[in-house]
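Keep in mind that what you see is a predicted model, and the values were worked out from it rather than measured. In listed order, ligands and their atoms are each counted from 1.
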Amino acid sequence: MIVEDDPNIADLVDLYLRNDGCNVFQATNGKRALEIFGLKNPDLIILDIGLPGELDGLEICRSIRERGDTPIIMLTARNDEIDRVVGFELGADDYVTKPFSPRELVGRVRAILRRAQAPRETSVEVIDIENIRIDSKRCEVTLNDEVVPLTSQEWSLLVYFVENRGQALSRRQLLNGAWEVDWIGDERTVDVHVRQLRKKLGASLHLDTVRGIGYRLD
Ligand code: CA
């Protein structure tokens, strides 16, 4: 589903996605987006942050996250760092800055759908870290036996940390290694996802900041 009030952008993205074999629904405002979401249960949502009406993209993101983990790619205006950070904190999976290349956006869509549909192979099956259990067969993390909902980005990052535990990893390594896309965005994206993992999994996750390098899972 494309949620975008600019018909030129929406139609262009629509065209590229259809050419790539997707079925596409368009919504031009937040209210309609939630209606279509309820009716059609899309596999992925491309969500413009600046929308007319009462519900902007961030509100929609929050609302959709309350209902499940459908992947969300946000469209943000250039230099809108705050929106990006808030968007990730609300559970968006990725973002693309306007103006963007539709071809690149389709690449991001493909990468996220691949991850969502076929969790990547990992050498780790079940691992316990204190009261956290990471089960890569079931693609599930529990804390004190309660399932912790993670976005696909957070899940990939966590698995990458576990596979490379004990090693200091740079933000660049994490971007390329965990998400398997050539990232041209901001390395601080990693910081936002790390903050989310720490918040969701608490102190049992010994995910340390390594000054001048990045992060290490002990
Ligand atoms: Ca807009």
Side-chain angles (χ1 to χ4, degrees), residues 1-116 149-154 156 175 179 181-193 195-196:
M1 171 166 71
I2 303 167
V3 187
E4 166 63 80
D5 57 305
D6 181 332
N8 294 324
I9 296 178
D11 287 345
L12 185 65
V13 172
D14 190 315
L15 182 71
Y16 270 78
L17 287 170
R18 281 182 202 278
N19 282 342
D20 200 56
C22 299
N23 292 318
V24 184
F25 306 104
Q26 284 192 27
T28 54
N29 60 56
K31 189 165 166 286
R32 185 75 189 125
L34 291 179
E35 281 169 13
I36 295 177
F37 179 77
L39 290 170
K40 302 293 186 184
N41 189 26
D43 294 323
L44 181 142
I45 298 164
I46 295 170
L47 179 60
D48 184 33
I49 288 188
L51 293 171
E54 286 175 16
L55 297 168
D56 71 3
L58 296 174
E59 290 294 330
I60 301 299
C61 186
R62 191 198 317 273
S63 183
I64 284 170
R65 270 298 155 272
E66 281 167 4
R67 304 171 200 202
D69 59 0
T70 308
I72 297 173
I73 300 178
M74 290 187 307
L75 301 181
T76 71
R78 194 202 301 268
N79 294 332
D80 235 338
E81 174 77 15
I82 303 278
D83 279 353
R84 283 205 291 272
V85 170
V86 172
F88 277 129
E89 285 180 349
L90 291 175
D93 293 84
D94 201 353
Y95 70 85
V96 169
T97 306
K98 289 179 181 177
F100 56 87
S101 134
R103 197 181 299 276
E104 186 200 329
L105 177 59
V106 170
R108 301 278 183 99
V109 168
R110 280 279 144 239
I112 288 181
L113 288 178
R114 239 188 349 257
R115 277 202 304 271
L150 297 185
T151 66
S152 64
Q153 300 283 89
E154 291 160 3
S156 303
L175 284 172
W179 297 324
V181 280
D182 287 327
W183 194 279
I184 41 178
D186 192 329
E187 294 192 1
R188 277 168 296 179
T189 300
V190 171
D191 300 342
V192 179
H193 287 292
R195 205 182 313 148
Q196 286 300 106

Applying side chain to side chain contact (heavy atoms under 4.5 Å, CB included), run through Val3 and Asp48 and close with a yes or a no.
CA-CA 6 Å; Val3 187; Asp48 184 33; 5.7 Å; no
Of all N, O or S atoms in Asp48, the one closest to the Ca ion (ligand 1) is OD2
Any N/O/S atom from Pro52 (main chain or side chain) under 3.0 Å of the Ca ion (ligand 1)?
no
Any donor-acceptor pair under 3.5 Å linking the side chain of Asp5 with the backbone of Asn29?
no
Which of Arg108, His193, Gln153 passes side chain to side chain contact (heavy atoms under 4.5 Å, CB included) with Asp93? It is Gln153
Which atom of Ile9 lies closest to which atom of Glu4, heavy atoms considered
CG2-OE1, 3.7 Å
Let me check your reading of the structure: within less than 3.0 Å of the Ca ion (ligand 1), is there an N/O/S atom from Asp5?
yes
